[in-house]
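Every chain is numbered from 1 and lettered A, B, ... according to where its sequence line falls, protein lines coming before strand lines.
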2 protein chains.
Amino acid sequence: MDPSKQSYLTKKVISIGVVSELTGLSERQIRYYEERKLIFPKRTDRGTRKYSFSDVEILVEIANKMEDGIQTTELRREMNKHKDREKENNIKKSMIRGQMNAHFNRKNKPL
Amino acid sequence: MDPSKQSYLTKKVISIGVVSELTGLSERQIRYYEERKLIFPKRTDRGTRKYSFSDVEILVEIANKMEDGIQTTELRREMNKHKDREKENNIKKSMIRGQMNAHFNRKNKPL
DNA sequence: CGTGTAAGGAATTCTGACACG
DNA sequence: CGTGTAAGGAATTCTGACACG
């Protein structure tokens, strides 16, 4: 929950050459996975891609799946499932939060 | 203590241009602070500097001190003090560890 | 002392395309 | 489908130096 720790994970600051070294993937592969909507680097003013450590982790997972012979289309479906599940969870969380607020507002702020 | 979290902080993957944006310092300033032994980027095979998030934090602190009119020489002394204090602590820690080991070895492994 | 800048070279990254399969 | 590669251009980074103060 430390916001600074979070930003180290998600801040997009790594260029494609370093990502290539970190993941063992070629730059061609990394760009291709972006084309297939599996990864979403930020772009600087003049168009160079910047990745986060989180992106690097995703790429390592992609590399593993690809080795297993899974196609990029299937991978995209899988990732969307994960995303949907997260959305679900966020909805549940905000509902719970709403209940909590309602509860405490009734007891503590009976304005 | 999570080693992966640690590596996000200390892994040297950020190029000087991004560090410049992140800190608000010019590339000239960043290189100069290296010349004055205040910061220690890694070098890639062909000599380009790579910084960690930890380095970025240090640079921000340096920037603040410089605004206060402190000279780089003083800053280096300060940093060495910190380093010495850390060394002290590490010595103490390993001594305590040694005592602990001795203690438990006596009780549990009376070989 | 700390920082700006112009200089020239080397390395990086980008895109669109052709290739193989 | 996934990836390699050559092509040409644009942007990045590097070092050593001169400048101001």
Side-chain angles (χ1 to χ4, degrees), chain A residues 11-80, chain B residues 11-80:
Chain A
K11 195 122 194 166
K12 303 201 180 237
V13 296
I14 314 176
S15 58
I16 196 164
V18 175
V19 172
S20 173
E21 281 178 19
L22 254 33
T23 60
L25 293 165
S26 69
E27 300 185 7
R28 181 69 167 95
Q29 288 174 307
I30 297 168
R31 293 198 190 98
Y32 181 66
Y33 300 150
E34 177 182 358
E35 190 184 319
R36 303 316 310 270
K37 315 269 190 204
L38 297 176
I39 192 85
F40 304 94
K42 204 188 74 177
R43 294 294 186 117
T44 65
D45 294 349
R46 300 137 205 118
T48 67
R49 277 165 264 248
K50 294 297 175 191
Y51 302 83
S52 65
F53 280 110
S54 175
D55 291 331
V56 170
E57 290 184 354
I58 291 170
L59 280 167
V60 170
E61 280 180 42
I62 293 174
N64 289 333
K65 305 280 187 168
M66 293 298 289
E67 274 188 12
D68 298 347
I70 303 184
Q71 292 195 330
T72 56
T73 319
E74 292 184 59
L75 275 179
R76 187 151 82 253
R77 265 187 242 118
E78 261 190 60
M79 301 189 65
N80 282 336
Chain B
K11 195 123 197 167
K12 302 201 183 240
V13 296
I14 314 178
S15 58
I16 196 165
V18 174
V19 172
S20 174
E21 282 179 20
L22 254 33
T23 60
L25 293 166
S26 70
E27 300 185 8
R28 181 70 168 94
Q29 288 174 307
I30 296 168
R31 292 197 191 100
Y32 181 67
Y33 300 150
E34 177 181 357
E35 190 184 319
R36 304 315 312 268
K37 315 267 191 205
L38 297 176
I39 192 84
F40 305 95
K42 203 188 74 177
R43 295 292 187 120
T44 64
D45 294 348
R46 300 138 205 117
T48 66
R49 278 166 263 249
K50 294 297 173 189
Y51 302 82
S52 66
F53 279 110
S54 175
D55 291 331
V56 171
E57 289 184 355
I58 292 171
L59 281 168
V60 170
E61 279 180 43
I62 293 173
N64 289 332
K65 305 280 187 169
M66 293 298 289
E67 275 187 12
D68 297 347
I70 303 183
Q71 291 195 331
T72 57
T73 319
E74 294 182 57
L75 275 179
R76 185 151 82 254
R77 266 188 241 117
E78 261 191 59
M79 299 187 65
N80 283 336

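Taking CZ from B:R31 and CD from B:E35, the interatomic distance works out to 11.5 Å, rounded to the nearest 0.5 Å. To the nearest 0.5 Å, the span separating CZ on A:R28 from OH on A:Y32 amounts to 8.0 Å. The distance from the OG1 atom of A:T72 to the CE atom of A:M66 is 6.0 Å, given to the nearest 0.5 Å. Atom CG of B:L22 and atom CD1 of B:I30 lie 9.5 Å apart (nearest 0.5 Å). Atom CD1 of B:I39 sits about 4.0 Å away from atom CG of B:D55, to the nearest 0.5 Å.
Under the 4.5 Å side-chain criterion, counting only non-hydrogen atoms from C-beta, A:I70 is in contact with A:E78.
With C:dG2, D:dT13, D:dT15 as the candidates, the nucleotide lying closest to the side chain of B:R43 is D:dT15.
Judged by distance alone, the side chain of B:R76 and the main-chain N or O of B:K37 form no donor-acceptor pair under 3.5 Å. Counting only distance, with no hydrogens or angles, the side chain of B:D68 and the backbone of B:K65 share no donor-acceptor pair below 3.5 Å. A distance-only check finds no donor-acceptor pair linking the side chain of A:T48 to the backbone of A:T44 [under 3.5 Å].
In terms of heavy atoms, A:L25 sits closest to A:L59 at CD1-O, 3.9 Å. Nearest approach of A:K42 to A:K12, heavy atoms of both residues: N-CD, 3.6 Å. Listed here is the closest heavy atom pair of B:L38 and B:F40: C-CE1, 4.3 Å. Taking every heavy atom of both residues into account, A:S15 and A:Y51 meet most closely at C-CD1, 4.4 Å.
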Pairs under 3.5 angstrom, nitrogen or oxygen only, protein versus nucleotides 3-6 of chain D, please.
from: D:dT3; atom 1: OP1; to: A:Q29; atom 2: NE2; distance (Å): 3.0
from: D:dT3; atom 1: OP1; to: A:Y33; atom 2: OH; distance (Å): 3.1
from: D:dT3; atom 1: OP2; to: A:Y33; atom 2: OH; distance (Å): 2.9
from: D:dT3; atom 1: O4; to: A:R28; atom 2: NH2; distance (Å): 3.0
from: D:dG4; atom 1: OP2; to: A:S26; atom 2: OG; distance (Å): 2.7
from: D:dG4; atom 1: N7; to: A:R28; atom 2: NE; distance (Å): 3.1
from: D:dG4; atom 1: O6; to: A:R28; atom 2: NH2; distance (Å): 3.0
from: D:dT5; atom 1: O4; to: A:R28; atom 2: NE; distance (Å): 3.2

Look for any protein N or O under 3.5 Å of an N or O in nucleotides 7-9 of chain D and output each such pair with its distance, or none.
none

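Checked against A:I16 for a side chain to side chain contact (heavy atoms under 4.5 Å, CB included), the options A:E34, A:E27, A:E21, A:K50 give a single hit: A:E27.
For A:I14 and C:dT12, the CD1 to C1' distance is 16 Å, given to the nearest whole Å. At whole-Å resolution of the value, CZ in B:R76 and P in C:dG2 are 10 Å apart. Between A:E34 atom CD and C:dT15 atom C1' the separation is 12 Å, expressed in whole Å.
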Treat a base pair as Watson-Crick or G-U wobble with both distances under 3.5 Å, then lay out DNA chain C in dot-bracket form, 5' to 3', with | for cross-strand pairs.
.||||.||.|.|.||.||||.
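Taking 4.0 angstrom as the limit, A:S15 places none of its side-chain polar atoms (N or O) nearer than this to OP1 or OP2 of D:dT12.
The stretch residues 16-23 of chain A has no heavy atom under 4.0 Å from DNA chain D, so no residue of it qualifies as close. Heavy-atom distances under 4.0 Å link DNA chain C to A:G47, A:T48, A:R49 of residues 44-51 of chain A, given in residue order.
Scored by the ring pair (Phe, Tyr, Trp, His ring centres under 6.0 Å) test, A:F53 finds B:Y8 as partners (sequence neighbours excluded).
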